[in-house]
Amino acid sequence: MKWSKHFRVKPGQAVRLADWDATWTGSFKDKDDARDGLRENIARMDELQYLLYAQRKYALLIVLQGMDASGKDGTIRHVMSGLNPQSCYVQAFKEPTPEELDHDFLWRIHHAVPGRGEIGIFNRSHYEDVLVVRVHDLVPRRVWGQRYDQIKAFERILTENNVVILKFFLNTSRDEQRVRLQDRLKDPTKRWKISPADFAERKYWSAYQQAYEEALTKCNAAHAPWFVIPADHRWFRNWAVSQIIVEALEGLKMKFPRPKFNAAHIRIP
Ligand code: AMP
Ligand code: MG
């Protein structure tokens, strides 16, 4: 069975996050049990990235979304650790700059989309414009309300131009977020990551869950699917994301390009 199927939101399916167990670990007992699988996937991603780069037909866009402390940074650090930096980059989307705010919300996003042969990873994305923006009324409802269709149209343009889009919602529970924030408070090597605003943001948990449900429901398409990843266990999250990336790249049936010359006729002087 393809694992991707298990985690993906089916086209037309209404997402209710309460139905998605954040603690699920499939048939794995524990971290050790999943270690080999993750290692194999990371090695396979390296091979497939090489093919992607050689063939220069497709681009891969990986979108990571999730609540604070859901593990977006950790996913990048672990799952992407075997990729060749030559054709892979990460773009983190923070609060828009004044210049970015003077443009449409997709302006900064489109600019960061990977080119053919490349893998681009978005740490947050255009979805913030229907998440934080919606939860905090940063623009009127009329404006963010139109964005679901705009995002769908945008993603369609990309996929019709050979950008393969995989969107991951790292689904963590409210209890697990508390543990992780507590951890960040205590650990001096993690304290730099947090601001008092992160704790204040927890008060909006249910508004965020609702906004996520709507985004995952309305902006889910066969060509640009959402995957809901059980993310309370970091090791399972890492395995699941790597597994889906491998399956998607293998599904492209990529081939090395044929040389435009006859190698047998060439003599190296
Ligand atoms: P972090 O990912 O923890 O570095 O935080 C980035 C912050 O930027 C988060 O609080 C996001 O909600 C915020 N952010 C990202 N995109 C937008 C946006 N389009 N509008 C407002 N805030 C945003
Ligand atoms: Mg943060």
Side-chain angles (χ1 to χ4, degrees), residues 2-4 6-7 22 24-56 58-94 112-125 163-172 176 180 183-184 187-194 226-252 254:
K2 285 258 188 292
W3 276 100
S4 315
H6 193 91
F7 301 110
W24 199 71
T25 59
S27 53
F28 295 115
K29 284 196 304 288
D30 53 25
K31 185 174 180 174
D32 287 340
D33 206 16
R35 188 164 286 135
D36 285 349
L38 177 61
R39 196 181 303 130
E40 282 161 27
N41 283 344
I42 288 174
R44 187 76 185 118
M45 279 167 66
D46 177 44
E47 295 168 359
L48 290 160
Q49 178 192 23
Y50 188 69
L51 248 179
L52 186 86
Y53 187 62
Q55 197 188 29
R56 246 188 163 72
Y58 298 106
L60 175 64
L61 172 58
I62 296 169
V63 172
L64 295 174
Q65 285 286 164
M67 301 293 286
D68 285 326
S70 61
K72 299 183 287 296
D73 296 356
T75 302
I76 293 168
R77 183 166 165 186
H78 293 284
V79 179
M80 315 304 168
S81 58
L83 293 178
N84 179 350
Q86 171 112 300
S87 61
C88 168
Y89 62 91
V90 178
Q91 180 69 54
F93 291 98
K94 312 278 182 187
V113 169
R116 289 179 214 284
E118 293 179 338
I119 298 179
I121 299 155
F122 284 2
N123 184 344
R124 303 187 189 269
S125 65
V163 181
V164 176
I165 308 179
L166 303 174
K167 300 179 291 191
F168 296 101
F169 172 62
L170 306 181
N171 186 29
T172 39
E176 179 63 17
R180 291 185 189 182
D183 217 41
R184 288 184 180 185
D187 184 344
T189 69
K190 291 181 180 167
R191 213 174 281 152
W192 63 272
K193 268 194 168 200
I194 47 170
W226 270 110
F227 298 92
V228 180
I229 305 297
D232 270 8
H233 297 284
R234 295 176 173 92
W235 56 268
F236 184 76
R237 169 203 77 201
N238 290 341
W239 174 82
V241 171
S242 69
Q243 181 68 23
I244 292 166
I245 294 172
V246 166
E247 288 178 9
L249 288 175
E250 284 182 340
L252 296 177
M254 295 182 284

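FYI, the numbering just counts along the sequence from 1. Below, each value reflects all heavy atoms present in this structure, side chains not excepted, and no hydrogens, waters or symmetry copies.
Pairs of residues two or more places apart, or lying in two chains, that qualify as salt bridge (charged side-chain N to carboxylate O under 4.0 Å, His left out) and include a residue from residues 35-44 are D32-R35, D36-R39, R44-E47, R44-E250. Residue pairs meeting the ring-ring contact (aromatic ring centres under 6.0 Å, His included) criterion with at least one partner in residues 59-84, sequence neighbours excluded, are absent. Evaluation of the side-chain hydrogen bond (donor to acceptor under 3.5 Å, both in side chains) test over residues 80-94, restricted to residues two or more places apart or in two chains, returns Q49-S87.
For F28, the CZ atom sits in a packed shell: over 12 heavy atoms of surrounding residues, nucleotides or ligands are nearer than 6.0 Å. Within 6.0 Å of CZ in R77 there are 12 or fewer heavy atoms belonging to other residues, nucleotides or ligands.
Between the side chain of K167 and the backbone N or O of L61, no donor-acceptor pair lies under 3.5 Å. A donor-acceptor contact shorter than 3.5 Å is absent between the side chain of R184 and the backbone of I194.
Using a 30° and 60° split on the angle between ring planes, W24 and W3 fall in the tilted class, from 30° to 60°. Ring geometry for W239 against F236 counts as tilted: the plane angle lies between 30° and 60°, on a 0 to 90° scale.
Among residues two or more places apart in sequence or in another chain, the side-chain hydrogen bond (donor to acceptor under 3.5 Å, both in side chains) test is passed with S70 by none. Under the side-chain hydrogen bond (donor to acceptor under 3.5 Å, both in side chains) criterion, N123 pairs with D73, not counting sequence neighbours. In this structure, the side-chain hydrogen bond (donor to acceptor under 3.5 Å, both in side chains) partners of T189, at least two apart in sequence or on a different chain, are D187.
Atom CZ in R237 sits 10.5 Å away from atom CD1 in I229 (nearest 0.5 Å).
Nearest approach of M45 to V79, heavy atoms of both residues: CE-O, 3.6 Å.
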